[in-house]
Structure formats: C-alpha cells, structure tokens
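Positions are given from 1 along the sequence. Since this is a predicted model, take the numbers as computed values, not measurements.
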Amino acid sequence: WIYQQFKGYDYVKGVVGGLDPVDLDKLQANIDKFKAMESPKFVGIRHLIGLEDVDYLTREDVHKGLQVISDNGLTFDLHSYPNTIKYIPLIAAQFPKLKMVIDHIAKPYYHDQG
C-alpha cells in the first residue's frame, strides 16, 4: 500500500517495514518482495521491542532474524526503552555488519528527572 502512495515521488528516499524478525519464512519472503520494489527503496525493518519482554534481544529466535536482516543489508530500527538499552551493545558485537537505528533516543524517562 505505501509503495502505491509514494510511487513517483522522489522525495521519499526509503521505507522501513514493520516486520516480525522471529517469523523467518515471512521475514525473508517480505524482504524479497519489498526489495523488488524500485521506488521508494526498502531500507530496513522496525520492530517495537519495547512491547516485548525486556530480554527479547537475548533470544536465539530473534538472533536468527537479525542475521537475516544483516545478510540482506537492511537496517534494524530499535524502538527501545532505557531498560533494553543494555542489550544493544551485545547485539552490535554479535552482528557487526547489522546496521541499527536507535529510534527516539531509546525513549528516555526524562519526565522522571528533577
């Protein structure tokens, strides 16, 4: 749907899809489908890890999906929170070719600060 809305508008440089990194069959099928679209370019995947268990990024099934994302040269956009930041360096070390975007500066709890 989004591709139809922006076809021919060159000011849109890329699209990030909300795909589930643990559903490997659908993940790769959707990556293939979206990468085949010419404009706008499919550049990455975003998953709302803040809605998952705090240790979501430590799971083996997630790691398999992150490897698929990395192998396809896409970014992984992390919709993170302060309690999940500690896992990001671990992911960076385990997947050195995975490009990551930390969305919303990891949603700091600025309202709790005095």
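Residues K26 and L19 form no side-chain contact, since every pair of their non-hydrogen atoms from C-beta on lies 4.5 Å or further apart. Looking at heavy atoms from C-beta onward, I102 lies in side-chain contact with I88 at the 4.5 angstrom threshold. Annotation: side chain of V22 is in contact with side chain of R59 (closest heavy-atom distance under 4.5 Å). The closest side-chain heavy-atom distance from L57 to L90 is not below 4.5 Å. Considering only heavy atoms from C-beta on, K41 stays 4.5 Å or farther from V15 through its side chain. The shortest distance between side-chain heavy atoms of Q28 and N72 falls below 4.5 Å.
Ring pair H47/F76: centre-to-centre distance not below 6.0 Å.
Rounding to the nearest 0.5 Å gives a distance of 12.0 Å between CG of L66 and CG of L74. Here I45 contributes atom CD1 and D20 contributes atom CG; the two are 10.0 Å apart, rounded to the nearest 0.5 Å. To the nearest 0.5 angstrom, K64 atom NZ is 13.0 Å from L27 atom CG. Here the NZ atom belonging to K97 is positioned 9.5 Å from the CD atom belonging to Q67, to the nearest 0.5 angstrom. In this structure, the separation between OG1 on T84 and OH on Y56 is 11.5 Å, given to the nearest 0.5 Å.
For the pair L24 and P21, the tightest heavy-atom approach, listed with the atom from each and the gap, is CD2-O, 3.6 Å. Summarising the geometry of F95 relative to H63, their closest heavy-atom pair is CZ-O, 3.4 Å, with the distance given to 0.1 Å. Scanning both residues, L78 and M100, for their nearest heavy atoms gives CD1-SD, 3.6 Å.
Of the N and O atoms on the side chains of D77 and T75, at least one donor lies less than 3.5 Å from an acceptor on the other residue.
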